[in-house]
Amino acid sequence: MKTTLRVSFAATVLVAMTGCAAPGFLDLRAPVAVSGNADAGAQKAAVCTACHGPNGVSPIPTFPNIAGQKADYLYWQLVEFQRKVKPDSPMTAIVAGLSDTDLRDLAAHFAAQTPAPASGDANAFADGARLYREGDPARGFVPCQGCHGANADGNVGGGEARYRAYPSLRGQHSPYLVQRLQDFRNDKYALSSNDHIMHGVTQALDDQAIAQVAGWLQAAPP
Ligand code: HEC
Ligand code: HEC
């Protein structure tokens, strides 16, 4: 009885928070841990390499690196593509025929790959480093590290469930990051509670701030 009450209360809060409960909307405020078989995932990953590189480091700077990304984040992104709630993406067709086990195995496989190394001159992005670490309260910029980790590797909250699907950003291609941040700002995604978080975060950011923080993340020293 207690559990039921708590669940329906959570649902009410979520509806109030989002203003609507679109079908397929994901509540990722305390997702269960995702597990998959990385070896099985490796067998299924051939189709991914054309765009994400043989080991998940993408040769195309507008396509994301997925090597070393957190498995929980990878899995939930794949679920969103599969539900066709993410707009205009080559990913939609790719995941259409995959099972839930496939998605878990692929997530486990790419999470186990070596992340892309930093590239670029971090010194050219001192403003981006400051925004990442400290934000700028006067301009409404919140620090990114509170949710993406001091090292931008997505490890925050000591394993607390609500941080499970928070992504690593370190070494990601800057052009991809710029596009994603602009898309969050423009409310292109409203697919999960985590999208709503990033929509809020990006509202105050202008294009210059976005370019700075994205440049720093690609070039950030470990
Ligand atoms: C035809 C090119 C293409 C292929 C093949 C492809 N992807 Fe993607 N993938 C993309 C692009 C482009 C994006 C980013 C665009 C977007 O978000 O809509 C993306 C985004 C992703 C993301 C989200 C990453 C993030 O940081 O949010 C994941 C996870 C992913 N792909 C996994 C896979 C897996 C696993 C496969 C193989 C089963 C695969 N992709 C095959 C082009 C491709
Ligand atoms: C309150 C927590 C929080 C803060 C603060 C925050 N983020 Fe996020 N961020 C998230 C969550 C949760 C997601 C996952 C969204 C999703 O599932 O698509 C995310 C996703 C992202 C992504 C998409 C990554 C990918 O691979 O596609 C980028 C880029 C990003 N954040 C950049 C930033 C930057 C830059 C800042 C600081 C200006 C920031 N975030 C501050 C929680 C936060």
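Worth saying up front: this structure is predicted, and the values here are computed from it rather than measured. Note that ligands are numbered from 1 as they come in the structure, with each ligand's atoms numbered from 1 the same way.
Counting only non-hydrogen atoms, the option in Val201, Leu169, Asp195, Asn194 that gets closest to atom 18 (O) of ligand 2 is Asp195. Proximity annotation for atom 30 (C) of ligand 1: of Glu80, Gln77, Met91, Met91 comes nearest, heavy atoms only. Heavy-atom proximity to atom 23 (C) of ligand 1, evaluated over Phe110, Phe81, Tyr189, is greatest for Phe81. Residue nearest to atom 5 (C) of ligand 2, selected from Gly135, Gly146, Pro143: Pro143 (by heavy-atom distance). One option in Gly128, Cys144, Ala165 has a heavy atom closer to atom 37 (C) of ligand 2 than any other, and that option is Cys144. Heavy-atom proximity to atom 4 (C) of ligand 2, evaluated over Pro167, Cys147, Gly154, is greatest for Cys147.
Atom 8 (Fe) of ligand 1 has no N, O or S atom of Ser89 closer than 2.8 Å. For Tyr166, every N, O or S atom stays at 2.8 Å or more from atom 8 (Fe) of ligand 2.
Contact annotation: for Leu181 versus ligand 2, heavy atoms closer than 4.0 Å belong to the side chain alone. Counting heavy atoms under 4.0 Å from ligand 1, residue Leu78 touches it through the side chain alone. Residue contacts with ligand 1 for Ile66 involve side-chain atoms from C-beta outward but no N, CA, C or O (heavy atoms, distance under 4.0 Å).
Using a 4.0 Å cut-off to heavy atoms of Cys51, the atoms of ligand 1 that qualify are 1 (C), 2 (C), 3 (C), 4 (C), 5 (C), 42 (C), 43 (C). Below 4.0 Å from some heavy atom of Val47 lie the following atoms of ligand 1, by number and element: 5 (C), 37 (C), 38 (C). The distance from ligand 2 to the heavy atoms of Val213 drops below 4.0 Å at these ligand atoms: 35 (C).
For Tyr163, the heavy-atom gap to ligand 2 stays at 4.0 angstrom or more. Note on ligand 2: Trp76 sits outside its first shell, no heavy atom being nearer than 4.0 Å. Using a 4.0 Å cutoff on heavy atoms, Pro64 does not count as a contact of ligand 2.
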Show your working on salt bridge (Lys or Arg N to Asp or Glu O under 4.0 Å) between Arg130 and Asp127 and close with a plain yes or no.
CA-CA 5 Å; Arg130 203 171 310 114; Asp127 289 347; 3.1 Å; yes

Given the rule in the salt bridge (Lys or Arg N to Asp or Glu O under 4.0 Å) test, do Lys70 and Asp72 qualify, once you have shown the distances and angles that lead to the verdict?
CA-CA 6 Å; Lys70 288 164 70 185; Asp72 292 85; over 6 Å; no

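Side-chain contact between His148 and Pro167 is present, with at least one heavy-atom pair separated by less than 4.5 Å. Using a 4.5 Å cut-off on side-chain heavy atoms (C-beta onward), Asn151 and Arg170 make contact. Counting heavy atoms from C-beta outward, Arg185 and Asp207 have side chains that approach closer than 4.5 Å.
Every N/O-N/O distance between Gln69 and ligand 1 stays at or above 3.5 Å. In terms of N/O distances under 3.5 Å, ligand 1 is not approached by Asn65. Of the N or O atoms in Tyr176, one or more lie within a sub-3.5 Å distance of an N or O in ligand 1. Taking distance alone, with nitrogen or oxygen atoms compared against 3.5 Å, His52 approaches ligand 1 more closely than that limit.
Taking CD of Gln69 as the reference point, atom CG of Leu169 lies at 7.5 Å (rounded to 0.5 Å). From Asp153, atom CG reaches atom OG of Ser168 across 6.0 Å, with rounding to the nearest 0.5 Å.
Panel note: side chain Asp195, backbone Ser192; a donor-acceptor pair is recorded below 3.5 Å.
Here the two rings, on Tyr189 and Phe184, have centers that are under 6.0 Å apart.
For His148, the N/O/S atom at the shortest distance from atom 8 (Fe) of ligand 2 is named NE2.
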